[in-house]
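Data block below; observations after.
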Amino acid sequence: MASRGKTETSKLKQNLEEQLDRLMQQLQDLEECREELDTDEYEETKKETLEQLSEFNDSLKKIMSGNMTLVDELSGMQLAIQAAISQAFKTPEVIRLFAKKQPGQLRTRLAEFPDQGSNPRPLHWKADSLLLDHQMDRDLMVGKLERDLYTQQKVEILTALRKLGEKLTADDEAFLSANAGAILSQFEKVSTDLGEHLRLKKYTY
């Protein structure tokens with residue numbers, strides 16, 4: 001019976017990950033096509049996808065309710081979805097790796113970042129990652145926009161690693177403290193409260 005329950009939990013987790021992958025792919029496709037859409041169309045499509053994520057999160061809460069095995073298995077996914085809904089995280093691949101609790105791959109992504117210099121370049125996520133439009137005007141790929149993208153992606157990865165219980169270097173902690181914005185700070189509070197709620201709930205059953 002225990003083996004059967006484990007198999008069912010594994011299948012459920014796989015199905016949920018596939019649903020999340022589909023939604024992340026929608027966000028990724030939207031970003032790749034952003035230059036082809038007018039502002040209203042882009043915002044409306046993104047809003048619809050975030051609403052789907054919110055509905056998915058509600059379903060996830062119901063599935064996890066009262067089942068501590070699923071709480072242990074899916075808590076990371078719930079935190080990642082919260083990050084996406086709140087717009088604290090905007091890079092689909094980081095959200096996906098966070099949800100699947102894959103700190104090793106997140107650290108691989110982090111290692112691909114150049115050392116912080118006068119003009120750091122953001123990662124060009126390829127294949128299953130966020131792909132920056134190579135046709136984007138060169139003037140927009142330098143200066144503030146470039147630095148903002150670099151900072152955003154690195155902050156997301158470091159935050160995900162921290163939430164997954166990974167130890168950060170002193171330099172990474174300093175970078176996170178210096179660059180975490182108001183939205184990310186709010187997510188930190190909400191996710192900390194959620195984590196505490198799940199911990200207390202676990203010991204209640």
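Numbering starts at 1 and runs along the sequence shown.
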Is there side-chain contact between Leu20 and Leu53, with heavy atoms separated by less than 4.5 Å?
yes

The criterion is side chain to side chain contact (heavy atoms under 4.5 Å, CB included); which residues satisfy it with Glu41, sequence neighbours excluded?
Leu37, Asp38, Thr45

Can you find a pair of side-chain heavy atoms, one from Glu18 and one from Gln14, that are under 4.5 Å apart?
yes

Going by the rule side chain to side chain donor-acceptor pair (under 3.5 Å), which residues pair with Gln19 if we only count those two or more places apart in sequence or in a different chain?
none

Scan residues 38-81 for pairs that pass ring-ring contact (aromatic ring centres under 6.0 Å, His included), counting only residues two or more places apart or in two chains.
none

At what distance, to the nearest 0.5 angstrom, does CG of Leu79 lie from OG1 of Thr159?
12.0 Å

To the nearest 0.5 Å, what is the distance between NZ on Lys90 and CD on Gln152?
5.5 Å

With the 4.5 Å side-chain cut-off for hydrophobic clustering, are Leu164 and Leu97 part of the same group?
yes

Residues Lys46, Glu43: salt bridge by 4.0 Å N-O rule
no

Find out whether Lys13 and Leu16 are in side-chain contact, i.e. whether some heavy atom of one side chain is under 4.5 Å from a heavy atom of the other.
no

Counterpart residues, side chain to side chain contact (heavy atoms under 4.5 Å, CB included), relative to Glu48 (two or more places apart):
Glu44

How long is the straight-line distance from CG of Leu106 back to CZ of Arg96, given to the nearest 0.5 Å?
12.0 Å

Could you tell me whether the side chain of Lys11 reaches within less than 4.5 Å of the side chain of Glu8, counting heavy atoms only?
no

For a quick test of reading the model, state the closest non-hydrogen atom pair linking Ala84 to Ile95 and the distance between them.
CB-CD1, 3.7 Å

Donor-acceptor contact present, side-chain Ser86 to main-chain Gln82, <3.5 Å:
yes

Taking ring pair (Phe, Tyr, Trp, His ring centres under 6.0 Å) as the test, write out the residues that go with Phe98, two or more places apart.
Phe89

Residues passing the salt bridge (charged side-chain N to carboxylate O under 4.0 Å, His left out) test with Arg34, sequence neighbours excluded, are Glu31

Sequence neighbours excluded, which residues qualify as side chain to side chain contact (heavy atoms under 4.5 Å, CB included) partners of Leu158?
Leu110, Lys154, Leu168, Asp172, Phe175, Leu176

May I ask you to test the Val94-Arg109 pair for a side-chain heavy-atom distance under 4.5 Å?
no

How long is the straight-line distance from CG of Asn179 back to OG1 of Thr151, given to the nearest 0.5 Å?
5.0 Å

Distance-only polar pair, side chains of Gln25 and Asp21, donor-acceptor under 3.5 Å
no

Restricting to side chain to side chain donor-acceptor pair (under 3.5 Å), what partner residues turn up for Glu173, sequence neighbours left out?
Arg162

What pairs with Glu166 under salt bridge (charged side-chain N to carboxylate O under 4.0 Å, His left out), at least two apart in sequence or on another chain?
Arg107

With rounding to the nearest 0.5 Å, note down the distance linking CG in Leu50 to OG in Ser54.
9.0 Å

Any Gln26 side-chain heavy atom under 4.5 Å of Pro92 side chain:
no

Side chains of Ile81 and Leu23: does their closest heavy-atom pair fall under 4.5 Å?
no

Among residues at least two apart in sequence or on other chains, which ones pass side chain to side chain donor-acceptor pair (under 3.5 Å) with Glu55?
none

Which residues pass the side chain to side chain contact (heavy atoms under 4.5 Å, CB included) test with Glu51, sequence neighbours left out?
Lys47

Please confirm whether the backbone N or O of Thr91 pairs with a side-chain atom of Gln153, one donor and one acceptor, at under 3.5 Å?
no

So if you build clusters from Ile, Leu, Val, Met, Phe, Trp, Tyr with side-chain heavy-atom gaps below 4.5 Å, do Met64 and Ile85 land together?
yes

Listed partners of Gln52 passing side chain to side chain donor-acceptor pair (under 3.5 Å), at least two apart:
none

